[in-house]
Structure formats: structure tokens, C-alpha cells
Peer 1: 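Let me give you the structure first, and then I'll get to my questions.
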There are 2 protein chains.
Amino acid sequence: MAIDIHTHVVPFDFPPYAGSAAPTKWPQMASAQNCRHRNVMIDGKVFRTVPDECWDVGRRLEHMAATGVTRQVLSPMPELLSYWLPADDALTLCRHVNATMAAMVDQAPDEFAALGCVPLQDIDLAVRELERLMASGHFRGVEIGTNINGVAVGDNRFLPFYAAAETLGASIFIHPLHPTGLDRLVGPPALVQLLAFPGETALSIASLITGGILERHRELRIAVSHGGGGLALTLPRLMFGWEHLDIAPGGRTPVEQARSLYYDTLVYDAPTLKYLIETFGRTQLCIGTDHPFIIQEPAPLKRIDALGADEALRDLLLDGNARRFLGE
Amino acid sequence: MAIDIHTHVVPFDFPPYAGSAAPTKWPQMASAQNCRHRNVMIDGKVFRTVPDECWDVGRRLEHMAATGVTRQVLSPMPELLSYWLPADDALTLCRHVNATMAAMVDQAPDEFAALGCVPLQDIDLAVRELERLMASGHFRGVEIGTNINGVAVGDNRFLPFYAAAETLGASIFIHPLHPTGLDRLVGPPALVQLLAFPGETALSIASLITGGILERHRELRIAVSHGGGGLALTLPRLMFGWEHLDIAPGGRTPVEQARSLYYDTLVYDAPTLKYLIETFGRTQLCIGTDHPFIIQEPAPLKRIDALGADEALRDLLLDGNARRFLGE
């Protein structure tokens, strides 16, 4: 068994825009030069060219067979989270994406688990969609961005969402989105994901600690993509602040709180992965690949092998930790 | 011998503003409640309350005796770098700060080395001030911010500055300043330094690699404060991009380039320090404390002791690496 908690879905198509606002940010799909790819169009421009593995279950299963992953946790391409649309339009889009994912789960229920999306720009609407998803039987929880229109996920306006997720037993996968620091990049667009994601992620997760969310909702099951980004290196600084500068509510230390979250292994080298296991604990890392996108880890099991881990740790990394994150 | 490469200076006072622009951002000093402290006033507000160790050589030497640091590298409080002032005003302020530091070096030449400041918002002026500093005999180089008014230090507009620093043998200390991501913080002002500095620093140093600066100027001696912030965790991502996505010029790999820089040890815990030594190499870490500011490391030598390092590594961390950074 090997569970990959970080894989993305893009639907083959989107319904035409039927709302009342300007439809500029409503996504569309268009043919791409390579017949196995399609272009995600946003605001009349190609946002990203994506392969058929984004929606095609057969192709996805082929890829899994080739890499040794036996089960994928599906989540939307983050740009589909739609926090920037009017809330009712976002709900329409989320439901289309969620329906796509539910259909994929129906096609291969043993191979896929799904994390849906909810329109967090409207907390009430988001909570109602979360309730619907969790009642549907197709979803284990949801993916959310590191920020909602620039507001970090630790802001207390999101408390009703976290309370609902805790009550419903919904797993939450946090993924960087529209990261801070874009104006600091010198180079091609791929630097957004490679360089801006880690800092954005560290700030986002730190806000869950300094904002008191993790202390208040201790039963939440949260996984952080990209190995938590820069969080591991920020954690000793948070500890220093917690000990000397009163930066967060009392209770568990920032390190204890960080060790209650799950993290994927998408860090591209063995010494870094070892450092994360030391920092966050043997029980908190899960395979994550970013399949089928361009920065995906092509050989996730080889990364685990390269650790020279004992059998127990290997089992935890391959599936034990992921199953706990999923609430199994 | 133990050299601390990360310590800051604030002058006891500033000259009155004599330029022609609105003087709102010109700093002033004012008495503070605690008679050993003074308030740095910017735009009519207390920017920071700072202790007399910022300017008082005797008090500074007392502190050094207590912590076991035998030599400090002085650099300006970053907010004094003044990139946001009109360039000629900034030069006036830089010269006042530089004169303060030169006088401190004169008072204790064996205990202090100085890194001055230059107005990088005007490259020609900055290069001329750098030449003046290096000719004066008081300075080993300069401190610069991670960004100059939002432009990362890897932008090629700064090439003439790096060329001059390389030619003059000036050491460069890079320190976070006005970091990106402030809108993601949930909590008190101390989070700016604790949480926003690491991501800002990682982006800044990455820009030196993706912008080709380090490849072009291989003789530069650059040290990065705060252990390089989140850089160590970003580096495998840079390597992935370098191998697969053509994100930086050829030549040395991002890891090789990162291992040509120096980093301070200001990371607040031993496992993190070990990880940095593994990542950047035994020959690249130097003691750094942020003395005399609020997030300073109070016992830098104990941090080194906690590593259980062999004698050779201990010597490198205490002074060998710092001396190479300083060009000795």
C-alpha cells in the first residue's frame, strides 16, 4: 500500500458561465496542441496546460501502476478554489469540480479518496457545502488555500469553518495559492511554485498557531502540502517568540502544535525529508507528489527508499500516516 | 576567539533633517522611559525602543565579555538603510551612520569590524560611497537589505554594485528588511521578524541565483543573516527547477552557489543548526546573534557547544568562517 495525499484534478470541461457578474475569471477548457493535453483558460489567457491525467481515470491508474502508488487522494487544482469569484458563482464552480471528483471516486473507489472544495469567501456557504460533501459519502474533507483573497487561514473569521470541519470529521488539506512575494522573483513563471510557495505556506501555518486555531480545535486533521514549505525552519523562531515574546495563546507549544499536523513528502531530497521527519515526527509525514503537474515528484517511493528508514517508519510514510490523516 | 557577524548599531542621535523633501521618514532619537534606552522615532511614531548597547562601546564590551564573544561585526539597524529617502538624503544619513560606526571601531579596533551602508536606490551614489568606505580603513564592506524598495537584490539593476564590491573586496551582509507577507501575519508586531523574515530572505537569496549574480561575480563574499531564513528548505526546489525547468543560467548548480555564501547561526536550536551545516557546509556558518535587539540569541557559544561538534568544526564556527567572510 502507498497512499499519495497530494494529487490534483482538473475537469475535462466547465459549464458556461451563468452568473450575473463579469465572467472574466470563470475558467474554460480549450484544446491544446498536444492532443493529450488541454488548456485551462482564465480571463482569455492560457493559465496552464494540463495533461489528461487530470480527469482521465484510466490514464491516472496507469501512472499509479508505474510509480507504485496504490491510492491517490484527489484535490482540485488550487486555482479552481475560486475564492475571487462572487460566492454564488464560486459555489457553482465548486460543485462542478466536486461532482467531477465524486464521479472519479465512483469509477475507482479503492484507488481514490477525494478532498473537495468550498467557497470560503462566504463562510456560511462554505460550511453548508462542506456538510453536503461529508454527507455524500464521496469525500473525506476539503482542500483549502493558504489564504483566502489574501487573508491567512489563521484569521478568526474562519473559525466557524474549522468548528464545522472538526465536528464533521473532515480532513483539511492546505495548499499554497496566490502566494505572497511574487514581486521578489527574478526569473521564469515556474519560480512562483518553486520559490514563493514555501514562504507562503510557512506564514499560513504559523497563522493557525498564532491565531489560536489549532489550540481551539484540537481534533482537526490537517495536512500541509509541499512538506510545510518553510515551516520547519520557522518553527524554532516561533518557539523563541512563544517563550520570550508572548506571540501566541498558552497551551501547547508551537512545536507541539506543528507536530499535530500532517505534511507531505514533496521536498525533492532525502536529507530535507529526514529533517522534516525529525522536526514533525515519524507519524506525521505522508507521500505527496503533485501529480500530474509539472513540478511533480516522479518517483515518490524511491524517495522513501533513499531514507534507509526502518520498516515501521516506512509503513507509516507509505500509508499509516495518510490513513490517520484521512480518519481511517 | 569568537566572532559575531550579526550585531547592530543605532547612533545616539541623528542630525536634524537638512534636505528639501518632506522629512517624515527622517529618523530622530528621543529619550525613553528606561534611561538606558532611547526611542527611534520615524514619522512621529516610536519605531523601536533600543538599548544603549546600540551606540555605547563600553556597554557593548561588557555584553561581549558576558557572552564570550571576542569580536563583533557591526552593521546598521536595517531600518537605517534608508532606501526610501531621496538618494542625497539617504547618503547624508548613511554617512552619519557610517561615521558612528567608524568612531566605534576607532574606540575598540580589536573588538569591532564594521559593515557600513550605501544608498542602493541610486547605484552610482552607492558605488561611490562603497569606494569611500573601503578606502577609509574602517570598513570591511556593507550591509544591504534583502530588497531595495521592493526590488529583490538579484535584479540586474544592481550589477554595477556587485561588480564594485567584488573589485574592492568588500564583504556584503544581507539582512531582511520590509519583508513580504506582512498581510499574512495574525498576531503581534514581533511576528514581522519571527515569521516574515525567513521567507523574505529565502526569496532574496534565491534571486541572486536565478538572476545570475552569483555566477557572474564568483569572488563576492556574501553572508546571509538569520541562517538564510527559509533558504535551506527552498534549495531542493531550486535544484529541481534547475534540473527540469531551466530556471537559472548554467554553470554551478544552485546548491553549489548557495554553498559559496556564508550564513549566521541565528536559528535558535541545535537540530536546525545541524541541518544548515549539512546543507551549506562546515565552512559557511558563522556566529550571529542580532545583538542588541529583542530577538537576539542570548548564549551563542552555548548553541555551538550543544552541537557536539568536533574541534575543527567548532573552530570554523567560532571564528575561521567569519574571518574568511571578512576577507582575513
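To find a chain, count down the sequence lines: A is the first, B the second, and so on, and within it residues start at 1.
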Peer 1: Would you check if the side chain of B:R237 reaches a backbone N or O of A:P198 as a donor-acceptor pair within less than 3.5 Å?
Peer 2: no
Peer 1: Given 3.5 Å as the limit, does a donor-acceptor pair link the side chain of B:R184 with the main chain of A:E200, or not?
Peer 2: no
Peer 1: Can you tell which part of B:L185 gets under 4.5 Å to a heavy atom of chain A, answering side chain, backbone, both or neither?
Peer 2: side chain
Peer 1: Given a strict heavy-atom distance threshold of 4.5 Å, which part of B:I294 is in contact with chain A: side chain, backbone, both, or neither?
Peer 2: both
Peer 1: So do the side chains of B:L245 and A:L194 get within less than 4.5 Å of each other, counting heavy atoms only?
Peer 2: yes
Peer 1: Could you tell me which portion of B:P179 (side chain, backbone, both or neither) has an atom closer than 4.5 angstrom to a non-hydrogen atom of chain A?
Peer 2: backbone
Peer 1: Taking the side chain as every heavy atom from C-beta outward, state whether A:P188 and B:I247 have any pair of such atoms under 4.5 Å apart.
Peer 2: yes
Peer 1: Only pairs of heavy atoms separated by less than 4.5 Å count here; which of A:K274, A:E297, A:H226 has the most with chain B?
Peer 2: A:H226
Peer 1: Report yes or no: do A:T272 and B:Y275 form a side-chain donor-acceptor pair below 3.5 Å?
Peer 2: yes
Peer 1: Side chain, backbone, both or neither: which part of B:N147 has an atom under 4.5 Å from a heavy atom of chain A?
Peer 2: side chain
Peer 1: Would you compute the distance between atom CD of B:Q296 and atom CZ of A:F240 and round it to the nearest 0.5 angstrom?
Peer 2: 7.5 Å
Peer 1: Side chain, backbone, both or neither: which part of B:I295 has a heavy atom under 4.5 Å from chain A?
Peer 2: both
Peer 1: Heavy-atom distance under 4.5 Å to chain A: side chain of B:A248, backbone, both or neither?
Peer 2: neither
Peer 1: Pick one of side chain, backbone, both or neither for B:A190, based on which atoms fall under 4.5 Å of a heavy atom in chain A.
Peer 2: side chain
Peer 1: Just so I know, are the side chains of A:T210 and B:L191 near enough to count as touching, which here means a heavy-atom distance under 4.5 Å?
Peer 2: yes
Peer 1: Could you tell me which portion of B:D246 (side chain, backbone, both or neither) has an atom closer than 4.5 angstrom to a non-hydrogen atom of chain A?
Peer 2: backbone
Peer 1: Is there a side-chain contact between A:L233 and B:L276 (heavy atoms, below 4.5 Å)?
Peer 2: yes
